Amino acid sequence: MSISHREARRIVLAAQGFGRSRPERPSVRHLRGIAERLNLFQIDSVKVLTRAHYLPAFSRLGGYDRGLLEADAWGPKRQRRMFEYWAHEASLLPLDLHPLLRWRMARAERGEIGYQALRRFAVERRAEADAVLERITAEGPLAAADFENGSSRSGWWEWSHVKHALEWLFWSGQITTATRRGSFARLYDLAERVIPAAVLALPTPSVEAAQRGLVF
């Protein structure tokens, strides 16, 4: 059996949620349906119209209340439906994918993945990361700027040592994004204070099962 290029395009677009008419009044139900279908909203600070994570739902639903997405991503713990993590890119992901990504968190915690500046915090700079984690534990959600006392560097990728430590803790799943400040800066907190307990209690699948789940 063969299909034409036109048919292939239509199948792909329909699978991505473009095969339905836009609702007259997009609701949180519609938004969550898009999140479940796509399984990922990419987060990117670079913007032309607006930040990247708002665009997939807009392209499928039309004008919608962005506050609905923000509540599901960064709202109260009992209301939250998504969490931030490095999937292929910085992303908002449905909470039920958390167990499927724990193998990556474990590898990051052991220093087996990530670029060298991050991997150092799993070994020779572990004490520095532990000190950052202890402060978050004691004080609650903190941004990188709360540690740096004006010593942070300028530029998107000009990260300080503290920012690298935070990102290693984030990649290894020990902390996650509690919320975002007006400048879109992450406020980091312990994963157990952000991710619902019912999600954290879900069993961790084997690496093979998790990877199959992510693919299919």
Side-chain angles (χ1 to χ4, degrees), residues 40-48 50-55 66-95 97-98 101-102 104-105 108-109 111 113-122 124-197 199-200:
L40 181 154
F41 290 156
Q42 180 179 347
I43 300 171
D44 198 326
S45 182
V46 177
K47 63 177 181 177
V48 176
T50 189
R51 297 193 186 278
H53 54 282
Y54 295 118
L55 295 176
R66 297 191 305 182
L68 297 175
L69 175 58
E70 292 163 0
D72 276 4
W74 303 297
K77 185 175 180 178
R78 65 183 182 279
Q79 181 180 346
R80 195 168 298 220
R81 296 297 187 97
M82 292 184 280
F83 72 105
E84 285 192 35
Y85 191 61
W86 285 96
H88 173 64
E89 57 279 301
S91 305
L92 285 168
L93 302 148
L95 282 169
L97 291 185
H98 188 274
L101 290 163
R102 291 176 191 162
R104 292 194 70 195
M105 297 174 187
E109 196 276 334
I113 58 172
Y115 51 90
Q116 192 60 36
L118 289 191
R119 292 168 69 176
R120 289 192 183 101
F121 287 95
E124 64 262 30
R125 305 190 70 167
R126 189 67 170 255
E128 295 174 56
D130 287 344
V132 169
L133 186 62
E134 288 171 7
R135 184 170 168 191
I136 292 173
T137 301
E139 299 182 27
L142 294 171
D146 295 324
F147 291 86
E148 293 170 342
N149 297 320
S151 62
S152 60
R153 305 176 188 177
S154 61
W156 181 246
W157 293 112
E158 294 293 326
W159 285 0
S160 68
H161 293 316
V162 167
K163 178 62 173 174
H164 278 113
L166 286 165
E167 286 301 311
W168 175 74
L169 291 166
F170 179 87
W171 206 337
S172 63
Q174 298 177 70
I175 62 175
T176 190
T177 306
T179 190
R180 293 272 187 166
R181 283 181 173 165
S183 60
F184 206 58
R186 274 190 186 129
L187 266 70
Y188 301 88
D189 201 358
L190 302 181
E192 59 263 34
R193 296 203 293 231
V194 177
I195 307 295
V199 174
L200 295 177

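Just so it is clear, the structure is predicted and the values come from calculations on it, not from any experiment.
For the residue pair Val162 and Ala144, the shortest heavy atom distance occurs at CG1-O, 4.4 Å. Between Arg193 and Thr137, the closest heavy-atom pair is NH1-O, 3.2 Å. For the residue pair Ala117 and Arg120, the shortest heavy atom distance occurs at CA-NH1, 3.7 Å. Looking at every heavy atom in both residues, Ala191 comes nearest to Thr176 through CA-CG2, 4.0 Å. Heavy-atom minimum distance, Gln174 versus Ser172: NE2-OG, 2.9 Å.
How far CD of Gln79 is from CG of Asp72: 6.5 Å, rounded to the nearest 0.5 Å. Taking CZ of Arg119 as the start and CZ of Arg125 as the end, the distance is 15.5 Å to the nearest 0.5 Å. Put simply, CZ on Arg180 and CD on Glu70 are 11.5 Å apart, with the number rounded to the nearest 0.5 Å. Rounding to the nearest 0.5 angstrom, the gap separating the CG atom in Leu118 from the CD1 atom in Ile113 is 10.0 Å. Separation of atoms OH (Tyr85) and CZ (Arg104) is listed at 5.5 Å; rounding is to 0.5 Å. Note that CD1 of Ile195 is 7.0 Å distant from CZ of Arg80, once rounded to the nearest 0.5 Å.
Stacking of Arg126 on the aromatic ring of Phe121 is not recorded, the 6.0 Å distance cut-off and the 45° axial limit not both being met. At least one test fails for Arg51 against the ring of Tyr54: distance under 6.0 Å to the centre or angle within 45° of the axis.
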Tell me, with the steps shown, if Leu40 and Leu92 meet side-chain contact (heavy atoms from CB on, under 4.5 Å).
CA-CA 6 Å; Leu40 181 154; Leu92 285 168; over 6 Å; no
Please determine whether side-chain contact (heavy atoms from CB on, under 4.5 Å) holds for the pair Leu142 and Asp189, giving the CA-CA distance in whole Å, both sets of side-chain angles, and the decisive distance to 0.1 Å.
CA-CA 7 Å; Leu142 294 171; Asp189 201 358; over 6 Å; no
Residues Thr50, Arg66; criterion side-chain hydrogen bond (donor to acceptor under 3.5 Å, both in side chains); working and verdict
CA-CA 11 Å; Thr50 189; Arg66 297 191 305 182; 2.7 Å; yes
Test salt bridge (Lys or Arg N to Asp or Glu O under 4.0 Å) on Asp146 and Arg181; report intermediate values, then the result.
CA-CA 12 Å; Asp146 295 324; Arg181 283 181 173 165; 3.1 Å; yes
Candidate pair Val194 and Thr179, rule side-chain contact (heavy atoms from CB on, under 4.5 Å), full reasoning:
CA-CA 9 Å; Val194 177; Thr179 190; over 6 Å; no
Tyr188/Glu167 under side-chain hydrogen bond (donor to acceptor under 3.5 Å, both in side chains): CA gap, chis, key distance, verdict
CA-CA 10 Å; Tyr188 301 88; Glu167 286 301 311; 2.5 Å; yes
Begin with the C-alpha distance, continue with both residues' side-chain angles, and end with the deciding distance and a verdict on side-chain hydrogen bond (donor to acceptor under 3.5 Å, both in side chains) for Glu84 and Thr177.
CA-CA 6 Å; Glu84 285 192 35; Thr177 306; 3.1 Å; yes
Worked check of side-chain contact (heavy atoms from CB on, under 4.5 Å) between Ile175 and Ile136:
CA-CA 9 Å; Ile175 62 175; Ile136 292 173; 4.3 Å; yes
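Residues Phe147 and Leu166 are in side-chain contact: their nearest non-hydrogen atoms beyond the backbone lie under 4.5 Å apart. Using a 4.5 Å heavy-atom cutoff, the side chains of Phe83 and Leu101 are in contact.
Scanning for side-chain contact (heavy atoms from CB on, under 4.5 Å) contacts around Ala52 gives Asp44, with sequence neighbours left out.
In this structure, His53 and Trp74 have perpendicular ring planes: the angle between them is above 60°, well past the 30° mark.
Under the 3.5 Å distance criterion, the side-chain polar atoms of Lys77 are matched with a main-chain donor or acceptor of Glu192.
Sequence neighbours left out, the pairs with a member in residues 135-145 that pass salt bridge (Lys or Arg N to Asp or Glu O under 4.0 Å) are Arg135-Glu139.
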